[in-house]
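See below for the structure under consideration.
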Amino acid sequence: MSFDHKAIEEKWQKAWLDRTDLVAVPRADQPKYYVLEMYPYPSGRLHMGHVRNYSIGDALARHKYMRGFNVLHPMGWDAYGLPAENAAIKHGIHPRQWTVDNMAYMKRQFLRLGFTYDWTKELATCDPEYYRWNQWLFLKMLERGLAYRKRSRVNWCPSCQTVLANEQVVDGCCWRHEGTPVEQKELEQWFFRTTAYADELLEGMDQLGNWPERVLAMQRNWIGKSIGAQIQFRVVGLEDSITIFTTRLDTIYGATAVVLSPEHPLIEKLLQGMAGGANILARIRQLQGRRPVPAAVQAEKEGIFLGRFATNPYNGEQVPIWVANFVLMEYGAGAVMSVPAHDQRDFEFSQKYRLPIKVVIQNPQHDLNARRMETAYTEYGVLVNSGTYSGLSSEDALRKMAADATQKGFGKTEITYRLKDWGISRQRYWGTPIPVIYCAKCGTVPVPYEQLPVLLPENVQITGLGHSPLREAAQFLHTTCPRCNGPAERETDTMDTFVDSSWYFFRYPNPRYAESPVDSAAVKYWFPIDQYIGGIEHAILHLIYSRFFTKVIRDLGLTETDEPAARLFTQGMVLKDGAAMSKSKGNLVDPDDMIEKYGADTTRMYVLFAAPPEKDLEWNDEGIGGIYKFLARVYRFASRHISELKGVPPAPIGSAEISAEDRKVLRKLHQTIRRITFDFEGRWHFNTDIAALMELVNQLYASEEQISKPVVRETLETMVKLLSPFAPYLSQELWTQLGHSEDLLRVAWPSYDPVLAKEEELEVVVQINGRLRSKIRVREDLTQDELKEVALADPRIAHIVSEQEILKTIIVPNKLVNIVISEQRKPAPTRI
RNA sequence: GCGAGAGUGGCGGAAUUGGCAGACGCGCCAGACUUAGGAUCUGGUCCCGCAAGGGGUGGGGGUUCGAGUCCCCCCUUUCGCACCA
């Protein structure tokens, strides 16, 4: 009987349609397991990266079912987003239609792949019953000052025709459009106050020991906490002072200038009434224009002297005030002190403009000479030329100088973050309307909760022309003020779609819950997510926003959860010819084609086999055939024996009269159980688990003629269980053919017998001077002396050792004997 | 520049604590079965050598009875951050 994967998969797809046994319900008597894979954007069809992500999650979910866990394994759709709108512009199809069609198609793909999702938990973020809760959460955040509106310089992607958050700018370009430099625009925007949780986001990482270090490092870096001090320099001849931020207060005696960002608000005032001031201002504006925005490339440092001076509050020295392109307004105080001797940037700047260099930290290796320095000395050290602080270490000086600044009132200790508040306004149609109304009389008025959801209107002309299409939707735009009933306008920007994905995992436990975004009781049972699985590309974007939302939702009193996911796993990318698969590169491998040709089992299993899950996977069109061949081998072996196994009991474990060949197969079987079981505990190197199953099958083929029926039954049944997380269709089919009726998910995961798994006779390696010389087969648990004796009796060893003096013998019981003799004289090399 | 990771046959990869380097698969070679084989089964496949033997995990050094694994230096490469004061 040949392996008809199509017939088998179609049969079980039908049987598994609308299955009710996967509906997750809280149960007090069972340990729970919430396994979640990042939901997809419904772009049209699944790609291999999806198949990989979801095959990892499904293997885990199936294993947890078999281990007796109450499993929550949901799936949904990140259904708002720009591609739907682009499709509308290009093909004239409505974004909703496009999205709905795609979800339907991709759901069929999911069903075809045989994943164990509880589809009763399905959610789509473009559904009013979902996005109303985005609006609800927004209003709560508004109440708490966690959402606010301000005019600011924002990142603008000319391709997307919308604003981007800082997190969505990669190398100065849009995260969706690699070649499109982001522009800066001044706009009124809504923000979420992520900075309010900066410290908790940082400290919370202590709880994330089971997140990849790589992700934590990226988040730490992104939050960018730095502890320093703010110091005020009085402007000579004016009442104003300039505040600078520094982490190296210990070097302040070496300051030779104060440098402002070109956007610094004080500049105009400083130039007022100065001769040539207008000219200088014009040059500064020019400098701004020339600055690469945002600073993607390190540009040549350029500066302009303002003609004014400021006083260093520590030593009373007057230093020139400059404006330079390398000082960022967005960070710290928008102004710095320039210490060329101890900061590389300041050093370069001073070289170019011939500013003096003053050494105030001494290098213990050799004395620094300001005139001969070629780079800045940035290490901590001992202070010199620093008044009363001279002689202190940098660490002591930092503390003392900050304390003195506070006491004397010209500065204080200050903490700054790289993390910025999250700009969430998007000038696009296909997203959640921001539930705010602008009234000429009452100002900005939140939409009352009872009027939620603010529905996204369906009949809107989508043009992609740079302002929200909702501006043109008169029905939507014009409304009445909830306070005064006067005429008013709605906010027409929509929310960043990352808002949707920041809390969807809280919705899964009860996605139809109508009282609040989260069903607190259900969440209390299921949370935290025991295992979250997704791509590394979300290390900062989605995963930092999610952590922020988790804390906000907690502080709203809806949950007690501090962190969303106890464990995070980031799988590697699927590559073809060394590059990520993409339409533009033309190197796509379509999962549908693979499923059509080899079946879902093979496709799933191959993505698990080709590389360990955390590493990138290089797709190989030939390789997948090897998995198909393996499954066909399993099927063929089973087919040859199933009919004769009727009524045959599984092998009685430990039975004395089983043959040596039986024992060999059982040993391999139990070693395989041990290996795969161990691996599911967290290592997840499914590639080696599948290799172990292949070894078992190879052993079965080799021993086929000599093993007894009970052992065949035992081995087949157990093997099918071990195989089922990776190849569920074939496994369920064979399980049924073996005479069972229950679903494999409800069958207990096999346990191994350590006695059976143990090798009876061991092969011990014999080395001489660390080099392999022979192998001996011995009984287990020989004493060290016995082992040594057997090793020395080995003819090959005896031959080499014969007349040498044995200096030492190292014995690792059951493993190895290493005999150390004096190094043999090498025969003189024959030269030609 | 800073931070994290990686470098093993023709290819993907294995080697859980320092203890047989190359499991498993692809590819390739040979044989069997066959009208046929891009099916299936069996055997072989790190390099040099007929063999005995020798060499071998990016390069160099070190620790150790013993190093792919630990330490130091260097090279290559992937990813993240990048004028963050």
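Letters A, B, ... are given to chains in the order of the sequence lines, protein chains preceding strands, and every chain is numbered from 1.
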>> Please determine whether any donor N or O and acceptor N or O are separated by less than 3.5 Å between the side chain of A:N221 and the base of B:C81.
In response: no
> Hey, what do you get for CD1 (A:I252) to CG (A:L383), rounding to the nearest 0.5 Å?
Replying inline: 11.5 Å
> Roughly how far, to the nearest 0.5 Å, is CE of A:M218 from CD1 of A:I536?
Replying inline: 5.5 Å
Nearest to side-chain heavy atoms of [X], which nucleotide of [options]:
{"X": "A:K629", "options": "B:G13, B:C26, B:G25", "result": "B:C26"}
{"X": "A:N698", "options": "B:G13, B:A15, B:C24", "result": "B:C24"}
{"X": "A:M694", "options": "B:C26, B:C24, B:G13", "result": "B:C24"}
{"X": "A:T688", "options": "B:A15, B:G25, B:A85", "result": "B:A15"}
{"X": "A:A691", "options": "B:U16, B:C24, B:G12", "result": "B:C24"}
{"X": "A:E695", "options": "B:C81, B:U42, B:C24", "result": "B:C24"}
{"X": "A:Y701", "options": "B:U42, B:G12, B:U16", "result": "B:U42"}
{"X": "A:R418", "options": "B:C81, B:G12, B:A85", "result": "B:C81"}
{"X": "A:F245", "options": "B:G19, B:A85, B:A23", "result": "B:A85"}
{"X": "A:L328", "options": "B:G12, B:C81, B:A85", "result": "B:A85"}

[atom1] atom, [N] versus [M]: distance in rounded Å?
{"N": "B:G7", "M": "B:G12", "atom1": "P", "value": "12 Å"}
{"N": "B:A23", "M": "B:G43", "atom1": "P", "value": "15 Å"}
{"N": "B:C65", "M": "B:U17", "atom1": "P", "value": "22 Å"}
{"N": "B:G18", "M": "B:C70", "atom1": "P", "value": "8 Å"}
{"N": "B:A36", "M": "B:A21", "atom1": "C1'", "value": "42 Å"}
{"N": "B:U45", "M": "B:G9", "atom1": "C1'", "value": "10 Å"}
{"N": "B:U8", "M": "B:G13", "atom1": "C1'", "value": "10 Å"}
{"N": "B:C74", "M": "B:G10", "atom1": "C1'", "value": "29 Å"}

Sugar-phosphate only, base, or nothing, as touched by [X] at under 4.0 Å among non-hydrogen atoms:
{"X": "A:F630", "answer": "nothing"}
{"X": "A:D616", "answer": "sugar-phosphate"}
{"X": "A:F678", "answer": "base"}
{"X": "A:A610", "answer": "sugar-phosphate"}

> What is the glycosidic conformation of B:G9: syn, defined as within 90° of 0, or anti?
Replying inline: syn
> Can you check whether A:T677's main-chain N or O pairs, donor with acceptor, with A:Y752's side chain at less than 3.5 Å?
Replying inline: no
> Is the backbone N or O of A:A757 less than 3.5 Å from a side-chain atom of A:Q671, with the two atoms forming a donor-acceptor pair by type?
Replying inline: yes
>> I want to confirm an ordering. Mapping A:M337 and A:N620 to their closest nucleotides on RNA chain B, which one lands closer to the 5' end?
In response: A:N620
>> Assuming nearest nucleotide by heavy-atom distance, tell me which of A:A611 and A:R674 is located more 5' along RNA chain B.
In response: A:A611
> How are the rings of A:Y606 and A:W619 set relative to one another: parallel (under 30°), tilted (30 to 60°) or perpendicular (over 60°)?
Replying inline: perpendicular
Pairing partner (Watson-Crick or G-U wobble, both distances under 3.5 angstrom) of [N]:
{"N": "B:G80", "result": "B:C2"}
{"N": "B:G12", "result": "B:C24"}
{"N": "B:G53", "result": "B:C48"}
{"N": "B:A32", "result": "B:U40"}
{"N": "B:G19", "result": "B:C65"}

Taking only side-chain nitrogens and oxygens of [X], does any of them come within less than 4.0 Å of OP1 or OP2 of [N]?
{"X": "A:R683", "N": "B:A15", "answer": "yes"}
{"X": "A:N687", "N": "B:A14", "answer": "yes"}
{"X": "A:R636", "N": "B:C41", "answer": "yes"}
{"X": "A:R633", "N": "B:C41", "answer": "yes"}

Starting at atom [atom1] of [X], determine the distance to atom [atom2] of [N], rounded to an integer number of angstrom.
{"X": "A:Y380", "N": "B:A85", "atom1": "OH", "atom2": "P", "value": "11 Å"}
{"X": "A:E537", "N": "B:C81", "atom1": "CD", "atom2": "P", "value": "13 Å"}
{"X": "A:K576", "N": "B:G12", "atom1": "NZ", "atom2": "C1'", "value": "14 Å"}
{"X": "A:F609", "N": "B:G25", "atom1": "CZ", "atom2": "C1'", "value": "4 Å"}
{"X": "A:E330", "N": "B:A82", "atom1": "CD", "atom2": "P", "value": "12 Å"}
{"X": "A:W619", "N": "B:C11", "atom1": "CH2", "atom2": "C1'", "value": "15 Å"}
{"X": "A:L693", "N": "B:G25", "atom1": "CG", "atom2": "P", "value": "12 Å"}
{"X": "A:E263", "N": "B:C83", "atom1": "CD", "atom2": "C1'", "value": "14 Å"}

> Is the distance between the ring centroids of A:F3 and A:Y628 under 6.0 Å?
Replying inline: yes
> Among A:L730, A:I624, A:I690, whose side chain to side chain contact (heavy atoms under 4.5 Å, CB included) with A:M605 holds?
Replying inline: A:I690
>> If the threshold is 4.0 Å, N to carboxylate O, is there a salt bridge linking A:D346 and A:K301?
In response: no
>> Tell me whether A:R675 is salt-bridged to A:E695, with the criterion being a basic N under 4.0 Å from an acidic carboxylate O.
In response: yes
